[in-house]
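Count residues from 1 along the sequence.
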Amino acid sequence: SCIVCLGPAVDPHICPRCSKIGCRACFHRALRAQSVCPHCRMHLSKEELVFLRWGVDLSSHLTSLRGTAATGVAPDMCAQHNKALSAYCQTCASCVCVNCALFGSHQGHAMRDVDEVYHEHVALIGSRVSAVRSSQARLLEQLQEIEKNVSVLGRYHATVRANITRHCAALHERIDEDLRGKVAVLMARKTALYDYTQQVAAELAKVDARLRSSERVGLILASTDLAHSFQRLQQTAQEDFNFTAVPADFANELIPPCLSFEVRLPRFAALQQAAHPAEPYLSETLSCGGLGWRLKVYPAGTQDAFQRFLSVYVELTDAPDYSAAHAAAMAGTAAAREMGGADHAAAGPGGSASGSGGNSGGGSWEAEYTIELLPPGGRPVIQRQFVSRFEPGECWGYERLCSLDLIDADGLLHADGALVLRLTLGLTSYQQIAIAQHWRIAALEQRLASEPARAPPRPASPTALRDLLRPLAAATVGTGLGVGVGVSVGGGRGGDVGVLAAPSQSPGLGLSASMPALATATTSTTST
């Protein structure tokens, strides 16, 4: 029965805290008033209620039993003869009385004692009930595990948010400190420049005062000193006050920088006339974030924009599936962490952090891109910026970047008839860049592993090296440069070569070098 209405449970559900049964509607009505279980008073929401599947069958069975009791005939009495049901007909699978078994419709059927059959059915139902109770206990344990998991997720989420907040605060402090340093440099220049202007103003005031005075002889005598003084001031201004702007290069450690690429469409008018909607102009492969990209341009438009608008798209050409690359990167990180467990343990609290985050649930590469039209000698007149998620081989962009009439009317073509586009592209997180680099490194390692092993180079003998350097010594005859060749083969260094070259007229000046790589060149030269 329902713990709320005390009637038969309709659409029965149970509370995962106390396992009490109730109607779904009664539970919802109680939870709308207060988000607690009506029985155990623990916190409860509608989503946490568990549907009781076997409760429906049990309720219908109880209803049928109540209907039988309402007829006035005892359940263990024969309705036809009003005698006890003492036998079980195996042929008809029903309980019958003695008259039905001997003289009625069940005459000649296989019979068993009803008490024996009853005990067998009780044992069968008991085993089924035990299995259901065990299943219910396991489900309740899973509910508790889910609740624990939700609690762990909440705590980890709070920890990650706190770490991000602390990291962002540190980034803000570093940027502010960088700004204070740059402003301090500018203020020091400003102060020095102000002092210099005051000094110049004072000197100019002195000259003006002397020019207004009647002491002509004194001015003539002091003119040389005044000229030297102004020359020094002018020289100081030229040497110390050449202004150089302090660059606004504040480091952004959260968002990766974007890269810019210029794509020229030569003889755009010819491309436009010969263009077909299915044949775009493809740029060369552009490398950004460890992935391969290219610009796909339809000079005469495509689809509904054909012959009316310029269509430009960004295509991801060389990239793995993000989910697979992310899983491989995380697996590699975990393996590296296990291999370096002792080192990490020795590092203490300042060691490497565990866990993963970022764009793990996206399943695609997220990139920010800007497409601009660059007119000759001017600023971009058309600019479109967007953020999209790319699958390998997928394109995103603008079907109607600009009108084709606008390109001709506004003079966007360069002198050679080319149309210049600028693509600014970048992945939106450093985690994506790390995953892409991990994929690149794995591909390179696989390629190197598939290549056949190369034999090590054969070291050059001292005789072959003397033969190689003898033409050099002969070529220096008459130039004043004498070349002396000394060869020493060291067992520990694999045959390093020492060469000494010095001018014959200046024995104190010499150049010496150790050239172990010369052995390979000597091998190929002496074999010619």
salt_bridge(E173, R180) N-O dist < 4.0 Å: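 Salt bridge: yes.
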Atom pair [atom1] ([X]) and [atom2] ([Y]), whose distance is rounded to the nearest 0.5 Å:
{"X": "L421", "Y": "L265", "atom1": "CG", "atom2": "CG", "value": "6.0 Å"}
{"X": "C15", "Y": "L49", "atom1": "SG", "atom2": "CG", "value": "7.5 Å"}
{"X": "S311", "Y": "K296", "atom1": "OG", "atom2": "NZ", "value": "11.5 Å"}
{"X": "L401", "Y": "I407", "atom1": "CG", "atom2": "CD1", "value": "8.0 Å"}
{"X": "Y313", "Y": "W396", "atom1": "OH", "atom2": "CH2", "value": "11.0 Å"}
{"X": "T285", "Y": "E315", "atom1": "OG1", "atom2": "CD", "value": "9.5 Å"}

Can you confirm whether [X] sits close enough to [Y] that some side-chain heavy atom of one is under 4.5 Å from a side-chain heavy atom of the other?
{"X": "F386", "Y": "Y398", "answer": "yes"}
{"X": "H167", "Y": "L254", "answer": "yes"}
{"X": "V98", "Y": "K83", "answer": "no"}
{"X": "M111", "Y": "V96", "answer": "yes"}
{"X": "L425", "Y": "L259", "answer": "no"}
{"X": "L419", "Y": "L310", "answer": "yes"}
{"X": "E391", "Y": "D321", "answer": "yes"}
{"X": "L143", "Y": "L139", "answer": "no"}

Taking atom [atom1] of [X] as the centre, report whether more than 12 heavy atoms of other residues, nucleotides or ligands fall under 6.0 Å from it.
{"X": "I255", "atom1": "CD1", "result": "no"}
{"X": "K46", "atom1": "NZ", "result": "yes"}
{"X": "E116", "atom1": "CD", "result": "yes"}

Do you know which of H43, E48, H39, Q144 makes side-chain hydrogen bond (donor to acceptor under 3.5 Å, both in side chains) with R17?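 With R17 as partner, H43, E48, H39, Q144 yield a single side-chain hydrogen bond (donor to acceptor under 3.5 Å, both in side chains), made by E48.
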The test is side chain to side chain contact (heavy atoms under 4.5 Å, CB included); show your working for Q90 and V117 and say whether it passes. CA-CA 10 Å; Q90 291 182 320; V117 176; over 6 Å; no
Does W365 have its ring centroid less than 6.0 Å away from the ring centroid of Y322?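 Distance test on ring centres: under 6.0 Å, yes.
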Could I get the full list of side-chain contact (heavy atoms from CB on, under 4.5 Å) partners for V246, not counting sequence neighbours?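 Only K182, V185, L186, R189 meet the side-chain contact (heavy atoms from CB on, under 4.5 Å) criterion with V246.
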side-chain contact (heavy atoms from CB on, under 4.5 Å) involving T424 - partner list, sequence neighbours excluded: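 Testing T424 for side-chain contact (heavy atoms from CB on, under 4.5 Å), a comparison that skips the adjacent residues, returns C258, S260, T370, E372, R422.
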Using a 3.5 Å cut-off and no angle test, enumerate the donor-acceptor pairs between side-chain atoms of residues 20-30 and protein atoms at least two apart in sequence or in another chain.
none

Backbone N or O of E145 within a donor-acceptor pair of the N149 side chain at under 3.5 Å?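 Such a contact is absent between N149 side chain and E145 backbone.
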Looking only at non-hydrogen atoms, find the nearest pair between [X] and [Y] and report the distance.
{"X": "I382", "Y": "C402", "result": "CD1-CB, 3.1 Å"}
{"X": "F390", "Y": "S364", "result": "O-CB, 3.4 Å"}
{"X": "P257", "Y": "Y430", "result": "CD-OH, 3.7 Å"}
{"X": "L413", "Y": "P376", "result": "O-CG, 3.6 Å"}
{"X": "I435", "Y": "A329", "result": "CG1-CB, 4.2 Å"}
{"X": "V314", "Y": "W293", "result": "CG1-CE3, 3.9 Å"}

Where do V160 and I164 land on the side chain to side chain contact (heavy atoms under 4.5 Å, CB included) test, with the steps shown first? CA-CA 6 Å; V160 172; I164 292 175; 3.8 Å; yes
Stepwise, does the side chain to side chain donor-acceptor pair (under 3.5 Å) test hold for Q303 with R400? CA-CA 10 Å; Q303 299 181 359; R400 303 185 180 190; over 6 Å; no
Applying side-chain hydrogen bond (donor to acceptor under 3.5 Å, both in side chains), name anything that partners R155, two or more places apart in sequence or on another chain.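 S151.
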Test side chain to side chain contact (heavy atoms under 4.5 Å, CB included) applied to E366 and V387, step by step: CA-CA 7 Å; E366 186 179 77; V387 176; 3.7 Å; yes
My understanding is that only residues two or more places apart in sequence, or in another chain, count here; which of them pass ring pair (Phe, Tyr, Trp, His ring centres under 6.0 Å) with H414?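 For H414, no residue satisfies ring pair (Phe, Tyr, Trp, His ring centres under 6.0 Å) once neighbours in sequence are set aside.
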Under the side chain to side chain contact (heavy atoms under 4.5 Å, CB included) test against F250, which residue among L171, D176, I175 passes?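 Looking at L171, D176, I175, the match for F250 under the side chain to side chain contact (heavy atoms under 4.5 Å, CB included) is I175.
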Please lay out, stage by stage, how L423 and V263 fare under the test side chain to side chain contact (heavy atoms under 4.5 Å, CB included). CA-CA 8 Å; L423 172 65; V263 178; 5.5 Å; no
Can you run down the side chain to side chain donor-acceptor pair (under 3.5 Å) pairs that involve residues 119-132, sequence neighbours left out, and say none if there aren't any?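 Qualifying pairs, neighbours excluded: R112-E120.
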